Protein chains: 4
Amino acid sequence: MTEPPDLAHLGPVEMFTPRFDDSLQFFTEIMGMEIEAQNGSSTYLRGWGDYQRWSLKLTASDTSGMGVLGLRAWNPDALARLVSAVEATGLGEGWTDGDLGRGDGYRFRDPDGHLFELYYDVERYDPPEQLRPSLKNVPQRFTGRGCAVKRLDHVNLLAADVRANRDFCVDTLGYRLYERIELDDGSETGAWMSVTTAAHELIYTKDAYNANGRLHHVAYWVDTREECLRAADIWLDAGIEIEAAPSKHAIAQGFFLYGLEPGGNRVEVTSGGRMLYAPDEPPVVWTEAERAKGQAWGVKTIESFHTYGTPPVPAPVSA
Amino acid sequence: MTEPPDLAHLGPVEMFTPRFDDSLQFFTEIMGMEIEAQNGSSTYLRGWGDYQRWSLKLTASDTSGMGVLGLRAWNPDALARLVSAVEATGLGEGWTDGDLGRGDGYRFRDPDGHLFELYYDVERYDPPEQLRPSLKNVPQRFTGRGCAVKRLDHVNLLAADVRANRDFCVDTLGYRLYERIELDDGSETGAWMSVTTAAHELIYTKDAYNANGRLHHVAYWVDTREECLRAADIWLDAGIEIEAAPSKHAIAQGFFLYGLEPGGNRVEVTSGGRMLYAPDEPPVVWTEAERAKGQAWGVKTIESFHTYGTPPVPAPVSA
Amino acid sequence: MTEPPDLAHLGPVEMFTPRFDDSLQFFTEIMGMEIEAQNGSSTYLRGWGDYQRWSLKLTASDTSGMGVLGLRAWNPDALARLVSAVEATGLGEGWTDGDLGRGDGYRFRDPDGHLFELYYDVERYDPPEQLRPSLKNVPQRFTGRGCAVKRLDHVNLLAADVRANRDFCVDTLGYRLYERIELDDGSETGAWMSVTTAAHELIYTKDAYNANGRLHHVAYWVDTREECLRAADIWLDAGIEIEAAPSKHAIAQGFFLYGLEPGGNRVEVTSGGRMLYAPDEPPVVWTEAERAKGQAWGVKTIESFHTYGTPPVPAPVSA
Amino acid sequence: MTEPPDLAHLGPVEMFTPRFDDSLQFFTEIMGMEIEAQNGSSTYLRGWGDYQRWSLKLTASDTSGMGVLGLRAWNPDALARLVSAVEATGLGEGWTDGDLGRGDGYRFRDPDGHLFELYYDVERYDPPEQLRPSLKNVPQRFTGRGCAVKRLDHVNLLAADVRANRDFCVDTLGYRLYERIELDDGSETGAWMSVTTAAHELIYTKDAYNANGRLHHVAYWVDTREECLRAADIWLDAGIEIEAAPSKHAIAQGFFLYGLEPGGNRVEVTSGGRMLYAPDEPPVVWTEAERAKGQAWGVKTIESFHTYGTPPVPAPVSA
C-alpha cells in the first residue's frame with residue numbers, strides 16, 4: 001500500500017564549475033536567472049518562479065559536477081522520519097546548520113556517493129522593489145531575459161549501479177518509481193522517480209565509466225515548448241554547445257533542449273511531460289528494443305548522452 | 001503542521017444534460033473525447049490522457065448540472081480515514097457499490113449539497129486495438145480529433161457560502177487552500193484548493209442566486225496554450241458559444257477558454273497554471289480591488305461568469 | 001486586371017515622443033530592439049530580423065505621433081513610376097537626400113496629411129561582431145531580450161476620411177485592398193491594405209475626432225503567438241499599460257497585444273494573420289453588425305481603440 | 001534590376017499513388033483535408049485555408065511521384081508573357097483545357113522533365129453549408145481533424161542538374177532565388193526559390209540517382225510550430241513513418257516534420273520560415289562545410305533525405 005511521500009520536492013542544487021565567471025554569465029545572461037546572493041566562492045541563483053530564495057548554488061571549483069542536492073521534507077515530523085530512515089542505512093553524515101535562507105539540514109550520501117541534504121525550514125523569497133511582480137501569486141517579476149527559466153525542475157545523476165540507488169530512493173526516501181529501463185541482460189540503466197505528480201524529479205542513469213558521484217544534468221523548467229525552441233535559438237547564437245536539439249522524450253514525455261554550460265556541466269531546458277495522478281501508478285519498464293527506437297518521434301539519442309557526465313573522469317573503468 | 005493529503009486527486013465527474021444527443025456530440029466530436037461505455041441513460045467518456053476508464057459520465061436528465069463528483073483516496077487506509085472524518089460531520093450518506101470500473105464508494109454531500117463519492121479501487125484503462133498508443137507510458141492513442149482534450153483537470157462548484165465549503169474541504173478532506181477572494185465586507189467569494197501541486201482541482205465560487213448544489217464549470221486539460229487557442233477556433237466554427245475567449249487567469253495563472261456545451265453546462269479548456277511545490281505554501285488572498293483589475297492581462301471578467309451556473313434557477317433568492 | 005505592385009514593402013517609420021528616454025528604454029529593454037545609430041534628437045532602432053539598418057526612428061519631440069513613413073519601391077523604375085503618379089495628384093512635396101543608410105527619397109502627404117517617403121536605395125544591415133548570428137540567412141543575432149521583436153510589420157493611421165486615403169493608396173500607390181469596414185450609413189471606417197501576401201501593411205481607420213495626420217499604432221512582428229503571450233507577461237510586470245490583452249483579430253486574423261509606450265504612442269506586438277496568395281483576392285467587406293460581434297473569439301473591442309490616437313488632440317471636432 | 005514576378009504562386013499539385021485508398025485516408029483522416037471532388041481515378045483535396053477549390057489532386061497510379069504542378073500567373077497578360085518565354089525555350093507542350101475549377105492551362109516541362117501547367121483562371125472555393133466558416137475572411141470551416149493542414153505551401157523537386165533547373169526558373173519563369181547550396185567542387189545541390197515573400201515555394205535538390213522528373217516532397221502549411229509537434233504525435237500513433245522529427249531548418253528557417261504517406265511520397269508539415277521583404281534580397285550561398293553542421297540547431301540531416309524520392313528508381317545511375 002503506497003503512502004504519500006514524506007518528501008515535498010527536490011532542490012536546491014549546488015553545481016561546481018572550473019570556469020566560474022563564464023558559468024555565472026551563462027546562468028544570468030543566457031538562462032536568465034537572477035543573482036540572489038554571493039558568499040565566498042559561491043553565488044546563489046534563482047529562476048523567476050522559484051519560491052525559495054535560490055535554486056542553484058554555483059560554486060567555483062577546480063572541476064565540474066554536483067555539490068549538495070537538497071531534498072525538502074513535507075514537515076518537521078516527516079523530516080525526522082526521513083533522517084531516521086537514512087541513519088538506519090548507515091549512509092548518514094550528520095546535521096549541518098543549513099545554507100543561505102535554509103535551516104538545519106541532515107546530510108547523507110546515496111549508495112553511489114552523491115551528497116544530499118534533507119531539510120524543512122526555508123525562507124520564502126521576498127523580491128526587491130525592481131523584481132516585485134504585478135500579480136502576488138508569482139514569486140518574482142518576469143523580466144524575459146534570455147531563456148528566462150522559471151524554476152529548478154529535476155536532476156539526473158549518473159550511478160555505477162542504478163538499481164541500488166533507485167532502491168535506496170524508493171525504500172528509504174519514499175520516492176515513487178514512474179519509469180525505468182531494463183536491458184536484455186536484466187541490468188537497469190535508468191530510473192525516473194518523483195515525490196509529486198511530475199513525471200520525474202530525481203533520475204538515475206548508468207555511468208558508462210562506472211565512476212561514482214557524477215552528474216548527468218540539471219534541468220530548468222519553462223512553461224511552454226515554444227520557450228524550449230526559443231532557448232535553442234538563443235543558445236545557438238550565444239555559442240552555447242547544443243548537445244541535443246529540442247524534441248520530445250519517449251520516457252516521461254518531456255520536451256527537452258540539452259547543452260553544456262561553460263563549466264562543462266550538462267544543462268537542460270525542459271517543459272511538459274507526464275502528470276501522474278494515480279497513487280498506484282505502476283512503473284513503466286522500457287526494454288532495450290524499445291529504447292533503440294530513440295526518442296518519442298524517433299530522434300536517435302546522441303551518443304554523448306550515454307557517456308558524458310561531470311566531473312570528467314580520466315578513463316573508463318571496466319565494470 | 002501540514003500533512004500530505006489523504007486524497008490523491010479529484011474526479012471522475014458526472015454531468016447532467018437535458019439535450020443528451022447534442023451534448024454527447026459536443027464531447028466526442030468537438031472536445032474529441034472517446035466513448036468508453038454506455039449504460040442506460042449514461043455514456044462514459046474519456047480524454048486520451050485519463051488513466052482511469054472514464055473521467056466524464058454524461059447522463060440524460062430533465063435539467064443540467066453536476067451529478068456525482070468522485071474523489072480518489074491515496075490508499076485504502078486513507079479512504080477509511082476520510083470516511084470517518086466525513087461521518088463525524090454528519091454529512092455522510094453511506095456506501096455504494098461504485099460505478100463502471102470503480103469499486104465501493106462512500107457518498108456524502110458538501111455543506112452546499114453537492115454530491116461526492118470517495119473511493120479507492122479503480123480499473124486502469126486498457127485501450128482497444130484501434131486506440132492503442134505507440135508509447136506505452138501513454139494511456140491511449142492521440143487521435144487529434146477536435147480539441148483533443150487530455151484529461152479532466154478541475155471542477156468549480158457554486159456555493160451559497162463559499163467559506164463553509166472551503167472549511168469543510170480543508171478540515172475534513174485535507175484539501176490545501178492555495179488562493180481565495182475576500183471582499184471588503186469580509187465575505188469569501190472564491191476558494192481554490194488542491195491535493196496536488198496543481199494550482200487547483202476543486203474550486204468554490206459564490207452562487208449569485210444563493211442557490212445550492214450548482215455547478216460553475218468542469219475543466220478539461222490540454223498540454224499547451226496553443227491548444228486552447230486552437231480550441232477557440234474549433235468552437236467558433238462549430239457554433240459553440242464562447243463565453244470567455246482564451247486568456248490567462250490572474251488567480252492560479254491558468255490559461256482558459258470558457259463556453260457552454262449544448263446542455264447548458266459551462267465547460268473550460270485549460271492549460272498551464274501555477275505548480276505549488278512548497279508544502280507550506282501560504283494561501284494568496286485577493287482583495288476586491290485586486291479582482292477589479294480583471295484577469296492577468298487586464299481582461300475584464302465577463303458578467304455571466306459571476307452569475308451563470310447549472311442547473312438554472314428560476315429567480316434569485318435574496319441572501 | 002491587377003498588376004504586381006510597384007511598392008515592395010512599408011517602412012521604416014519615424015515616431016515622435018515627448019518622453020524620449022523612457023520611450024527609448026521601452027523599445028530597447030522591453031521590446032528588445034537594438035540601437036543602430038544616434039543622430040541629434042533621433043535614435044535609430046532595429047528588430048533582430050530587419051534587413052535594413054533600422055526600422056524605427058525614435059525622435060524627441062514636444063508631442064507624440066508619427067514622423068515620416070517610408071515606402072520602398074521594387075526598383076528604380078518602379079520608384080520613378082510611383083513618384084510620377086504621386087506628383088500627378090498634387091500631393092508631392094519633393095525629393096530629400098534620404099536618411100541614415102538610405103538613398104534619395106521623394107516625400108508626399110496622403111490626403112489626410114501623413115508624411116511618407118518613397119525610396120529605393122538602402123544599405124543592408126551589417127552586424128557588429130557581438131551581434132553576428134550563427135546562421136547567415138538571419139540579419140542579426142537573436143539575443144532574446146524582453147519581447148525580442150523581429151521586425152516592423154505594419155502601421156495603422158487614423159484618417160478623417162478613410163475612403164479618400166484608401167482610394168489614394170490603391171489608385172496611386174498600387175496597394176491591394178484586402179479588407180474594409182463599411183457601416184450601415186455607407187461610411188468606411190477601416191481599410192486594410194498590403195503590397196505583399198501579408199494581410200496588412202498599411203491600415204487606415206477612422207479618426208473619432210476628425211483630426212488629421214494622426215497615428216493609430218505601429219506593429220512589430222514576433223514569429224509565434226506564444227511570444228505575444230509572453231510579451232504580455234513582460235509588459236504586465238514592467239508596468240506598461242496593456243490596452244488590449246492578447247487575442248485574435250477577426251479582420252486579417254492577426255494575433256495581437258496592444259499597449260502604450262511611455263511617449264503615448266500605441267504599439268502592437270503581432271503575429272500570424274492571413275496570407276493572401278490570390279492575385280485577384282476580392283476585398284472582404286465587414287458590416288456594422290459583423291463588427292459588433294467583436295474580435296475573432298468574441299472579445300469586445302476596447303472603446304479606447306476607436307478613439308485614442310497620437311498626437312493627442314485637444315477636443316473632438318464635429319464632422 | 002529585379003522586376004515583380006509574373007507568377008502569383010505555386011500549386012495545385014497532382015500526386016500519384018500506388019496505394020490510393022490508403023493515401024486518401026492519410027490525407028483526409030491524418031492530414032485532415034477535405035474531399036472537394038472525385039473524378040475517375042483522381043480525388044481532389046483541400047486544406048481549410050486553400051482559396052482555390054483544391055490544392056492536391058490524388059491520382060491512382062502504378063507508381064508514386066508527382067503529376068502536374070500548377071503555377072498561377074498574376075493576370076492574363078502575365079500568363080501570356082510566361083507562355084511566350086517558355087515557348088522560346090522549346091520546353092513548351094501546349095495548351096490544355098485546364099482541370100476541375102480551373103481554366104485553360106499551358107503545359108511545359110522543366111529541363112529535368114517535371115510537368116508544369118501555367119494558368120490564370122480559377123474558381124474560388126465556395127463551401128457547402130457544413131463547411132461554412134464563422135468569419136468570412138476564411139475560406140472554410142476549421143474542423144480540427146487530425147493535423148488540420150491549412151494549405152499547400154511548397155514543393156521540392158529532385159533534379160539531376162539543379163543549376164540548369166534553377167536557371168530556367170529564374171530566367172524564364174521569373175522566380176527569385178533566395179538560397180542555394182554550392183559544394184566545394186562548384187556543383188549546386190539545392191536551390192530555394194519563390195515568387196512571394198515566403199522563403200520558398202519551389203525547391204530543387206540533387207537527385208542522388210541522377211534520375212529525372214522525381215519528387216522530393218510536398219509541404220502543407222500549419223500556422224504554428226506547435227501544430228507541427230502535434231502532427232508528430234498524430235503520425236506516431238497512426239503508424240505513419242516519421243522520417244525526420246520536428247525541428248528547424250537552417251536553410252529558409254522553416255519548422256518541419258517529414259514522413260512518407262502510404263503511397264511512398266514524402267510529405268512535410270511545415271510552419272514558419274523567413275519572410276523576404278527586400279526586392280533585391282541577395283541569394284544566400286551555403287557551403288559544404290556549413291551544410292555539414294546539420295539543421296539550425298545541429299540536428300544531422302537524415303541520410304534518406306539525400307537519397308529518397310518518388311517514384312522509386314531501380315538502381316543508381318552514375319553521373
Side-chain angles (χ1 to χ4, degrees), chain A residues 1-11 49-52 72-78 120 122 124 134-138 150-153 178-179 195-199 201 221 223-226 250-253 255 271-282 284-286 290 293 296, chain B residues 1-11 49-52 72-78 120 122 124 134-138 150-153 178-179 195-199 201 221 223-226 250-253 255 271-282 284-286 290 293 296:
Chain A
M1 193 166 76
T2 312
E3 295 291 340
D6 274 334
L7 283 176
H9 65 78
L10 169 144
D50 283 311
Y51 79 88
Q52 296 189 18
R72 190 174 183 201
W74 190 272
N75 57 38
D77 285 359
Y120 172 70
V122 290
R124 289 181 70 84
S134 285
L135 297 174
K136 63 190 187 187
N137 57 352
V138 180
K150 187 173 187 179
R151 58 170 175 77
L152 176 64
D153 186 70
Y178 284 149
E179 309 195 28
V195 291
T196 69
T197 58
E201 294 181 285
W221 176 270
D223 278 337
T224 65
R225 302 196 289 199
E226 277 291 343
I251 297 177
Q253 303 264 325
F255 204 73
S271 187
R274 298 171 76 197
M275 289 286 279
L276 291 305
Y277 282 95
D280 52 354
E281 183 75 25
V284 174
V285 183
W286 298 90
E290 289 164 344
K293 292 182 187 172
Chain B
M1 192 166 75
T2 313
E3 294 293 339
D6 275 333
L7 284 175
H9 64 78
L10 170 144
D50 282 313
Y51 79 91
Q52 296 189 19
R72 191 175 182 201
W74 190 272
N75 57 38
D77 286 359
Y120 172 70
V122 290
R124 288 180 70 85
S134 286
L135 298 174
K136 63 190 188 188
N137 57 352
V138 179
K150 188 174 187 178
R151 57 171 175 78
L152 176 64
D153 187 69
Y178 285 150
E179 309 195 30
V195 291
T196 69
T197 57
E201 294 181 285
W221 176 269
D223 278 337
T224 65
R225 301 197 287 199
E226 276 292 342
I251 297 177
Q253 303 264 325
F255 204 72
S271 187
R274 298 171 76 196
M275 290 286 278
L276 291 305
Y277 282 94
D280 52 354
E281 184 73 26
V284 174
V285 183
W286 298 91
E290 287 164 344
K293 292 181 187 173

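Keep in mind it's a predicted model, so treat the numbers as computed, not measured. No hydrogens, no waters, no symmetry mates; every other heavy atom, side chains included, goes into these values. Labels below follow one simple rule: chain letters A, B, ... track the order of the sequence lines, proteins then strands, and each chain is numbered from 1.
Among A:Ala252, A:Pro282, A:Ser134, the residue making the largest number of heavy-atom pairs under 4.5 Å with chain B is A:Pro282. Chosen from B:Arg72, B:His9, B:Gln52, the residue pairing most often with chain A at heavy-atom distances under 4.5 Å is B:Arg72. The choice from B:Arg151, B:Lys150, B:Lys293 that makes the most heavy-atom pairs within less than 4.5 Å of chain A is B:Arg151. Among B:Ser271, B:Ala278, B:Ala8, the residue with the largest count of heavy-atom pairs under 4.5 Å with chain A is B:Ala278. Options B:Val284, B:Asn137, B:Thr197, B:Leu135 differ in how many heavy-atom pairs under 4.5 Å they form with chain A, and the most are formed by B:Asn137.
Heavy atoms only, all atoms of each residue included: B:Pro4 and A:Pro4 are closest at CB-CB, 3.6 Å.
Both the backbone and the side chain of B:Ala296 have a heavy atom closer than 4.5 Å to some heavy atom of chain A. At a 4.5 Å heavy-atom cutoff, B:Leu276 makes no contact with chain A through either its backbone or its side chain. For chain A, the nearby part of B:Val138 is the side chain; its heavy atoms alone come within less than 4.5 Å.
By the side chain to side chain contact (heavy atoms under 4.5 Å, CB included) test, A:Thr224 is found to be paired with A:Glu226, A:Glu227, B:Arg225, C:Glu226, residues two or more places apart in sequence or in another chain being considered.
To the nearest 0.5 angstrom, B:Asp153 atom CG is 5.5 Å from A:Tyr277 atom OH.
A donor-acceptor pair under 3.5 Å is absent between the side-chain atoms of A:Lys136 and the main chain of B:Trp286, judged by distance alone.
By the 4.5 Å heavy-atom criterion applied to side chains, A:Tyr120 and B:Asp280 are counted as neighbours.
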